[in-house]
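Let me begin by presenting the structure, written as structure tokens, before commenting on it.
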Amino acid sequence: WESCYEPLRDANGERAGAIVLSIDITKRKLSERERDRSLVEERAARRVAESARRRSELLADASRVLATSFDQEATLLAMAHLVVPAIADCCVVDLADVEGGRVVVVVHRDREQEAKVFAVGRRAKRGPGSPIGRLLAGAAPNYRRDVDPSYWKNTFEADELEMVVNDLGFRSIISVPMRERGNVVG
């Protein structure tokens, strides 16, 4: 109910009573709630549609990149440039080799950081207990939204750990094995 009160006065201006007007606004309130719920649903649907559009564009761009070059490192570099900054701040690509793997591509949103990331990446541990080693051995994709600094201890030496966490700001990670004909190649 929505109500309005107005004092009723006599000829001397003294309060003699009140006039109360009340209106049932149930239908209006239900309509407003339905409108608000519809707006929330519409915004959510738009976000989903926009996300799907961006994924489709990224996949289409990736298909074009994959179809344009037979040079593996040039293709990987072009793919990394699609990922940064579309969905990541940094992309590091390791290729598997007899020594356990090597960094071949680094793309960072801040071009000045790329050399630092490349240098640190080259020194990263790739043994069986390290995240990179497990990935190159065929581990499942890994996504961590909030990486605790201890996560990096199996990858970097203590003196590099502070730089990785603080200077480079690696706080989350998505790592995915690259497969070719069922074999992990990077």
Side-chain angles (χ1 to χ4, degrees), residues 1-65 78-93 105-118 120-121 124 131-132 134-135 139-156 158-177:
W1 291 91
E2 187 173 75
S3 299
C4 177
Y5 302 91
E6 193 65 39
L8 184 61
R9 303 199 181 271
D10 62 17
N12 297 328
E14 298 294 320
R15 187 176 278 182
I19 299 174
V20 178
L21 176 62
S22 294
I23 301 172
D24 183 354
I25 60 169
T26 303
K27 288 181 183 178
R28 185 178 88 197
K29 287 296 185 181
L30 291 173
S31 176
E32 288 173 357
R33 285 187 194 131
E34 178 63 26
R35 183 198 67 217
D36 292 346
R37 189 179 58 76
S38 293
L39 286 172
V40 168
E41 289 173 358
E42 179 185 349
R43 287 182 189 128
R46 282 185 185 178
R47 282 192 301 274
V48 168
E50 180 61 22
S51 177
R53 182 191 63 76
R54 284 193 310 268
R55 279 193 310 271
S56 293
E57 285 178 0
L58 184 63
L59 289 173
D61 291 343
S63 294
R64 280 191 290 279
V65 166
M79 293 293 285
H81 278 290
L82 287 178
V83 172
V84 176
I87 61 173
D89 291 332
C90 183
C91 179
V92 178
V93 179
V105 171
V106 171
V107 175
H108 194 284
R109 66 176 157 64
D110 180 354
R111 298 284 187 236
E112 293 176 10
Q113 296 284 34
E114 286 180 1
K116 195 183 295 186
V117 173
F118 191 85
V120 168
I132 297 171
R134 287 191 302 272
L135 194 66
N142 180 21
Y143 169 68
R144 292 178 183 235
R145 183 179 185 106
D146 295 308
V147 177
D148 184 272
S150 65
Y151 173 82
W152 300 110
K153 286 183 180 177
N154 290 328
T155 304
F156 300 105
D159 60 330
E160 294 176 324
L161 185 62
E162 186 175 335
M163 181 177 66
V164 170
V165 174
N166 295 331
D167 296 350
L168 297 175
F170 291 163
R171 303 281 191 276
S172 61
I173 185 170
I174 300 172
S175 52
V176 181

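Below, each value reflects all heavy atoms present in this structure, side chains not excepted, and no hydrogens, waters or symmetry copies.
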(message) Looking at Glu41, I'd like to know if its CD atom is crowded, meaning that more than 12 non-hydrogen atoms belonging to other residues, nucleotides or ligands lie closer than 6.0 Å.
(response)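 Yes.
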(request) Could you tell me whether Arg15 atom CZ has more than 12 heavy atoms of other residues or ligands within 6.0 Å of it? (result)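 No, not enclosed.
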(request) Verify the distance criterion only: is there a donor paired with an acceptor across the side chains of Arg55 and Ser51 at less than 3.5 Å? (result)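 On atom types as modelled, these side chains qualify, holding a pair under 3.5 Å.
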Within this structure, what is the [atom1]-[atom2] distance for the pair [X] and [Y], rounded to the nearest 0.5 Å?
X: Leu59; Y: Arg64; atom1: CG; atom2: CZ; answer: 10.5 Å
X: Cys91; Y: Glu114; atom1: SG; atom2: CD; answer: 10.5 Å
X: Leu58; Y: Arg53; atom1: CG; atom2: CZ; answer: 11.5 Å
X: Ile23; Y: Glu2; atom1: CD1; atom2: CD; answer: 6.5 Å

Note: [X]-[Y] ion pair, threshold 4.0 Å (strictly below):
X: Glu32; Y: Arg35; answer: no
X: Glu50; Y: Arg46; answer: no
X: Arg54; Y: Glu57; answer: no

(request) Not counting sequence neighbours, which residues clear side-chain contact (heavy atoms from CB on, under 4.5 Å) with Leu30? List them please. (result)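 Applying side-chain contact (heavy atoms from CB on, under 4.5 Å) to Leu30 gives Thr26, Arg33.
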(request) Keeping the roles fixed (side chain from Ser31, backbone from Lys27), state whether a donor-acceptor pair exists under 3.5 Å. (result)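 Side chain of Ser31 to backbone of Lys27: no pair is present.
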(request) Go through the steps to decide whether Val92 and Val117 satisfy the test side chain to side chain contact (heavy atoms under 4.5 Å, CB included), and finish with yes or no. (result) CA-CA 8 Å; Val92 178; Val117 173; 3.7 Å; yes
Locate the shortest heavy-atom distance separating [X] from [Y]; write the atom from each residue and the value.
X: Val84; Y: His108; result: CG1-C, 4.0 Å
X: Asp10; Y: Asn12; result: OD1-N, 2.9 Å
X: Pro177; Y: Ala140; result: CD-C, 4.5 Å

(request) May I have the step-by-step check of side chain to side chain contact (heavy atoms under 4.5 Å, CB included) for Asp24 and Trp1, ending in yes or no? (result) CA-CA 5 Å; Asp24 183 354; Trp1 291 91; 3.8 Å; yes
